[in-house]
Number of protein chains: 2
Amino acid sequence: MKPARLTQTISDSLTTLRKSERKVAEFVLKDPLAVIRMRIVDLAQHAEVSEPTVVRFCRAVGCNGFQDFKLALAQQLASSPSYGQIAVTDQDSTREYTHKVFDTTVDTLLKVRDSLDLETLDAAIAAIYGAQRVEFYGFGASAAVAFDAQHKFFRLQITSAAYADPHLQNMSATSLHPGDVVIAISQSGRSQALLDSMELVKQAGGIVIGLSPTGSPVARSASISIHVDAKEDNQIYIPLSSRIAHLAVIDVLAIGVAQKKGPKLDEHLMRLKAGLASLRSPV
Amino acid sequence: MKPARLTQTISDSLTTLRKSERKVAEFVLKDPLAVIRMRIVDLAQHAEVSEPTVVRFCRAVGCNGFQDFKLALAQQLASSPSYGQIAVTDQDSTREYTHKVFDTTVDTLLKVRDSLDLETLDAAIAAIYGAQRVEFYGFGASAAVAFDAQHKFFRLQITSAAYADPHLQNMSATSLHPGDVVIAISQSGRSQALLDSMELVKQAGGIVIGLSPTGSPVARSASISIHVDAKEDNQIYIPLSSRIAHLAVIDVLAIGVAQKKGPKLDEHLMRLKAGLASLRSPV
DNA sequence: GCTTTTATTGTAATTTTTTTACAAGAACGC
DNA sequence: GCGTTCTTGTAAAAAAATTACAATAAAAGC
């Protein structure tokens with residue numbers, strides 16, 4: 001049977017493997033990413049052994065042959081893409097940091113996607129769908145996320161607002177009606193002003209949907225807490241991937257609500273699109 | 001270049017594929033998990049086509065052959081184990097459209113990453129670095145991108161502003177000095193008001209960096225044009241992935257400028273972080 | 001509506017790649 | 001040191017993928 005973590009099995013077997021097979025193992029561990037693109041001859045050459053030795057190595061680590069081994073390795077690497085180094089250093093060329101920015105973002109998105117709790121999402125969608133008013137609160141980088149979200153939900157014919165000002169948040173919060181929804185967005189999950197606003201929302205009978213890291217004060221305080229754990233390796237500079245993860249989560253919420261709204265919404269969006277056309281350059 | 005999300009590419013190509021190739025595509029989409037354990041003969045048999053047709057199909061979806069195809073498929077399935085249908089219908093479950101949203105976003109990001117022109121990016125970074133003032137203009141969904149960008153560059157100690165109001169844009173544009181930079185963000189690349197503002201910026205001697213689709217009016221009008229071709233998803237009329245691509249591109253610009261600024265910036269960011277701490281909840 | 005042309009698909013041969021069988025050589029025990 | 005066992009490589013066979021080409025189907029032209 002195939003082990004879950006192939007590289008783990010390989011390093012575990014290192015001691016029991018024969019000398020030549022160990023050469024293969026070491027090479028595989030050193031550069032697994034390269035191995036999945038190799039043919040058996042290439043790997044044999046790089047590890048300085050013969051081809052049958054490679055096959056024997058594959059069998060020794062529980063695979064059914066070389067192809068099977070490559071497949072298993074590829075799968076593992078795909079699920080933990082953090083094999084390449086992602087920290088941004090000063091000497092990076094443009095090409096390199098461009099790739100790093102995009103790759104870290106992709107990495108974060110996939111991690112968040114897999115860690116999302118679907119029932120929570122469903123609950124959040126239902127709450128938004130049932131609300132008279134939907135508001136988005138966030139500060140700093142999350143303020144931009146809030147405005148983006150407001151724009152999106154506005155297009156879905158939902159009465160929505162976005163506030164990055166604690167005074168406005170508080171004023172608006174106290175005027176909410178039971179069943180109304182506030183989406184509190186925080187990358188740190190520790191913004192005191194946001195926590196204060198959330199408290200007012202709850203006092204007014206509103207539902208607070210939190211978008212914040214697991215276990216953070218915002219997450220704990222929210223009525224419905226969507227956990228977004230985009231741990232930033234390069235937090236030193238600026239928040240990068242986490243706000244993109246927030247945007248993506250909001251996209252999911254928007255689509256969920258859009259689906260609940262059904263076909264009537266399509267017509268509305270069509271008209272909206274037609275209306276926008278007049279603001280556009282013909283070519 | 002290998003497509004990031006293979007199944008996505010396959011369903012996209014469904015219409016352009018030949019009849020027999022489509023049979024292969026449909027079978028692969030129906031049961032991708034089985035395919036990765038198959039040899040080419042098996043797949044040919046199941047799809048009721050010949051083996052060369054399978055190879056042709058693999059090439060048609062951007063792979064280098066059958067092995068390459070299987071590897072790419074295996075990698076994708078590893079990161080989304082319960083992969084089923086990709087076609088979007090109204091009946092999509094939460095799980096499905098969550099995946100769909102994240103996957104298309106990832107797909108877009110990787111496509112944009114590979115299509116970015118590095119020299120243009122370098123030119124843009126140099127222009128921003130050399131400017132006294134940097135402003136971001138955008139409407140609608142791009143307005144949120146502009147505000148996010150403003151926030152980011154503000155943290156890099158760059159005098160920056162973001163305007164989503166054409167009047168403010170125009171007023172600000174006329175007050176720019178030669179060498180100042182405006183980043184014009186547009187998903188459609190066809191916003192007339194934005195084109196007007198850009199004209200004023202150029203008259204004032206400012207440099208316009210455009211973030212828009214290739215060949216669009218905004219792209220043609222910009223002094224430095226960064227092409228972002230994020231083919232927008234048909235089914236929903238809300239901009240989804242493209243604005244995330246814009247954000248990522250701006251991240252790249254920010255990091256580029258940050259590097260040019262060098263170590264002094266680090267100190268500044270440290271102080272900034274310390275300042276923010278007081279606004280945060282202790283736990 | 002028939003002929004010519006082009007595009008699509010499958011058959012068969014070729015090439016590539018992996019695996020097996022076996023023998024040479026090294027390590028170990030006696 | 002000799003025989004045994006274990007390890008590794010060579011070479012042949014098997015399996016798999018790919019290419020070349022021909023047959024057929026579809027489309028365009030007359």
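Just so we're on the same page: letters track the sequence lines, and every chain starts at 1.
Taking both residues in full, the closest heavy atoms of A254(A) and K152(A) are given as CB-CD, 3.4 Å, listed atom of the first, atom of the second, then distance.
R37(B) has its CZ atom 14 Å from the P atom of dA16(D), to the nearest Å.
Among the nucleotides dT16(C), dT9(C), dT8(D), the one closest to any side-chain atom of K19(A) is dT8(D). The side chain of F66(A) lies closest to dT19(C) when the candidates are dA15(D), dT16(C), dT19(C). Comparing dT18(D), dT8(D), dT8(C) by their closest approach to the side chain of R18(B) singles out dT8(C). Side-chain atoms of S20(B) lie closest to dT9(C) of the nucleotides dT19(C), dT9(C), dG9(D). Considering only the side chain of Q67(B), dA17(D) comes nearest among dT19(C), dA17(D), dT10(D). Among the nucleotides dA20(D), dA16(D), dA21(C), the one closest to the side chain of P52(B) is dA20(D).
Look at T53(B) and you won't find any side-chain N or O under 4.0 angstrom from OP1 or OP2 of dT8(C). Residue S50(B) places no side-chain N or O under 4.0 Å from the OP1 or OP2 atom of dT9(C).
Formation of a donor-acceptor pair under 3.5 Å by the D229(A) side chain with backbone atoms of T214(A) is found in this model. Using modelled atom types, no side-chain atom of T120(A) and backbone atom of I226(A) make a donor-acceptor pair closer than 3.5 Å.
I185(B) contributes atom CD1, which lies 7.5 Å from atom NE2 of H246(B) (distance to the nearest 0.5 angstrom).
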